[in-house]
Amino acid sequence: MASEEKTREILKAIQDAVVGYDEETCERLCSSVLEEGIDPHRAVVEGLTGGMERVGELYNSQEYFVPELLLCADALNAGLNVLKPHLKIEDAARKGKLLIGVVEGDIHDIGKNLVRIMFEAAGWDVYDLGNNVKIERFVEEQKKANTDIVALSALMTTSMLAMPKIIGALKAQNPGVKVLVGGAPLSQEIAQRYGADAYAPDAVAAVKRAADLIG
Amino acid sequence: MSMRPDMMSNKERIDALLKGRPIDRVPHFPFIPGFCARNVGYPIAVMYSDAGKSFDAQQKTMEQYGFDWGPLYGYASYGTWEFGGTIKMPEGDYEQAPAHVTFPVQSEADVAGLQLPDVKKAGCLPTAMAFSHLQEKSDTPISVICGGNFTIAGNICSVETLCRWMLKKPDLVHALLRLATDHIVDLVRYWVETFGADRVIPQMWEPSAANYILSPKQFERFVLPYLQESSEKILAMGVKHILYHICGEQNANLPYWAQVPMGDPGLASLGEEVDADTAIKYFGDTCVIIGNIDGKVILEGTPESLYRLCTETIAKLKHAPRGYMMCSGCELPPASPPYNVYVMRKAINDAGWYE
């Protein structure tokens, strides 16, 4: 069993490996978490997620861009793959459930993928429908997964027009579901007009808005 | 309302603008294929699969709404099909342009085996060439449109893969950018040999290099040298003007874009993310500025709000040193209300004259 000091040292190193997008080191450190008898849940929350929170800050301050974010997420996932089999069932209590997809007519999914990464890192269960998702599929999958939130992404002004129909169909099926929208052509004003519950200008803000929506 | 009569034909206006001579009013530059399809009752896919119908729909719509310049053929996912991948044509209510289905490069090993496309046969190029023959016949500018170097590279292997390789395998990124750059030069040379350097105005669209994705430092390292190289080679063929569509949020890249030779004058097409003063600061002395009416306002704004935006933009840009052409900041949304498209021309009529 590692001392508290040693534990903190390893968790800090995991954070640094995520921030430094060092997949190999992150994987190795997560293995050492198991060898040293450190609680894997703590390693996920304070190490991997803590690292991704720092990545989010670097993204917000425009020190990191999409290439860095993608590789940081790869490092996080490498570590998570080591720790996941060792998490206890009670550790699996998640922050919330999110269904996410790029709307019909739009194949641009980098923004959506970044949002998914930040939600996963923050401890949400994420159901990713991919891109060019038809209205009916959002409705069916929301019902099946019973998610708290549906996040809709669009890059094109043309595909953005599918959003009010999706939102209408989701709310008709489940008035309690919250809908979060984002993407380059969206704005707070358009989100309100379309009947969305929230608009997020970027991936980091999306997680905060979603947390606010489910209280 | 009745429009004030033009004192120049479209061709005279564009020719004069490009030669630095006075013109009667601000030209209205078209970036409107999807809207044209809907306007004449075609599926949007026809704009990319049938040169004749595409040209016809654009010409009719431009006459109806008073656009200058001439019909254009091209799309942002250029490169996927030409390098051996597959694309799908737009369909349904919400698709706007061809989109990639499979990328020619799926793995690191695929990069080494990638060949330069045959510019006479690959992908959309036979259709693009047929379209340019129609441009030639109608005496409108002859364009050859492709992605910018970085956007083509992203369309070969996916932008996410390109982003990962930028940090982990930069040699692969440079190999793809080399191919994209050589292809652009091959492509433009084919057009120049067919129509003559003085008739060809290439267009390069570079959405994937936006700061939504890349840092300015990454732009400087991976994008700028290749843009400069292809531009210099194209201008050395005798081409006089190159249009760069600097798509999306690229403010932090503009100091680098200003170092890309675009001809005399160049043509800098900007999105709504770049304000008028910034546009003039970086491109005013060397380029005709094109843009940057927000597509969201064209699509969803009231006619009054759009009219205000257009007249304000005209007021800020009409006296740009090398000139200004009003245009949507990116492709005009196909579902835009027709009245709003008319409002753009009305704004030019009311605020765009050079007295």
Side-chain angles (χ1 to χ4, degrees), chain A residues 20-24 58-59 61-75 102-114 116-117 131-135 152 154-166 182-187 189-191 193-194 201-203, chain B residues 34-35 44 76-77 87-88 90-101 154 158-168 170 173 207-208 210-219 222 247-249 252 271-273 294-301 328-336:
Chain A
Y21 41 90
D22 186 340
E23 216 172 306
E24 210 172 291
L58 290 165
Y59 179 68
S61 62
Q62 300 198 336
E63 284 172 68
Y64 274 14
F65 287 74
V66 170
E68 290 85 1
L69 229 60
L70 290 170
L71 291 185
C72 291
D74 289 348
V102 181
V103 302
E104 183 177 353
D106 208 323
I107 55 156
H108 301 91
D109 57 5
I110 291 181
K112 181 270 294 174
N113 292 344
L114 297 182
R116 185 197 66 218
I117 287 165
N131 62 41
N132 196 13
V133 180
K134 295 215 178 290
I135 296 172
L152 307 176
L155 184 74
M156 312 295 288
T157 44
T158 304
S159 55
M160 172 180 85
L161 294 174
M163 284 186 174
K165 289 185 183 166
I166 300 169
L186 274 297
S187 65
E189 190 261 323
I190 291 174
R193 190 144 34 89
Y194 284 0
D202 58 56
Chain B
F35 179 81
I44 291 178
S77 55
I87 60 165
K88 70 184 275 292
E91 56 185 6
D93 292 337
Y94 305 112
E95 294 182 10
Q96 182 171 326
H100 52 254
V101 177
S158 92
V159 177
E160 278 197 28
T161 301
L162 198 65
C163 283
R164 284 187 165 92
W165 285 351
M166 281 170 65
L167 298 180
K168 292 282 188 186
V173 178
S208 299
N211 299 125
Y212 296 130
I213 298 172
L214 300 189
S215 71
K217 279 193 166 52
Q218 288 160 346
F219 185 96
F222 288 100
C247 187
E249 168 52 271
E272 63 272 12
E273 297 85 354
D294 188 344
K296 295 189 290 295
V297 181
I298 302 171
L299 178 68
E300 301 233 306
S328 45
C330 196
E331 183 183 344
L332 188 136
S336 297

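Side chains are part of it too, since the values below use all heavy atoms of this structure and drop only hydrogens, waters and symmetry mates. Numbered from 1 within each chain, the chains take letters A, B, ... in sequence-line order. Nothing here was measured: the structure is a model prediction, and the numbers come from that model.
By the 6.0 Å contact criterion, NZ on A:K165 is open, its count of non-hydrogen atoms from other residues, nucleotides or ligands being 12 or less. In the displayed structure, B:K168 atom NZ is contacted under 6.0 Å by more than 12 heavy atoms of other residues, nucleotides or ligands.
At least one donor-acceptor pair under 3.5 Å links the side chain of B:E95 to the backbone N or O of B:E91.
For the pair A:M156 and B:Y94, the minimum side-chain heavy-atom distance is 4.5 Å or more. When side chains are defined from C-beta on, A:T157 does not count as touching B:I298, because their heavy atoms never get closer than 4.5 Å.
B:C247 is linked by a side chain to side chain contact (heavy atoms under 4.5 Å, CB included) to B:P207, B:H245, B:C330, counting only residues two or more places apart in sequence or in another chain.
Of the atoms belonging to A:D202, not a single heavy atom falls under 4.5 Å from chain B. Interface remark: A:L71 contributes side-chain atoms only to the contact with chain B (heavy atom separation under 4.5 Å). With a threshold of 4.5 angstrom between heavy atoms, B:I213 approaches chain A through its backbone and through its side chain. In this structure, chain B has heavy atoms under 4.5 Å from both the backbone and the side chain of A:E68. Interface residue A:I190: only side-chain heavy atoms are found under 4.5 Å from chain B. Both the backbone and the side chain of A:Y21 come within contact range of chain B, with heavy atoms under 4.5 Å apart. The part of B:Q218 that comes within reach of chain A is its side chain, from C-beta onward, which places non-hydrogen atoms under 4.5 angstrom from that chain.
Considering only heavy-atom pairs separated by less than 4.5 Å from chain A, the leading option among B:N211, B:L167, B:L299 is B:L167. For chain B, the option among A:V66, A:L69, A:T158 with the highest count of heavy-atom pairs below 4.5 Å is A:T158. Ranked by heavy-atom pairs under 4.5 Å with chain B, the first of A:P67, A:A154, A:A162, A:A184 is A:P67. The residue among A:R193, A:H108, A:Q62 with the most heavy atom pairs within less than 4.5 Å of chain B is A:R193.
Checked by atom type, the side-chain pair B:S158/B:E160 shows no donor-acceptor distance below 3.5 Å.
What you find for B:G154 and B:L162 is that their closest heavy atoms are N-CD2, 3.5 Å.
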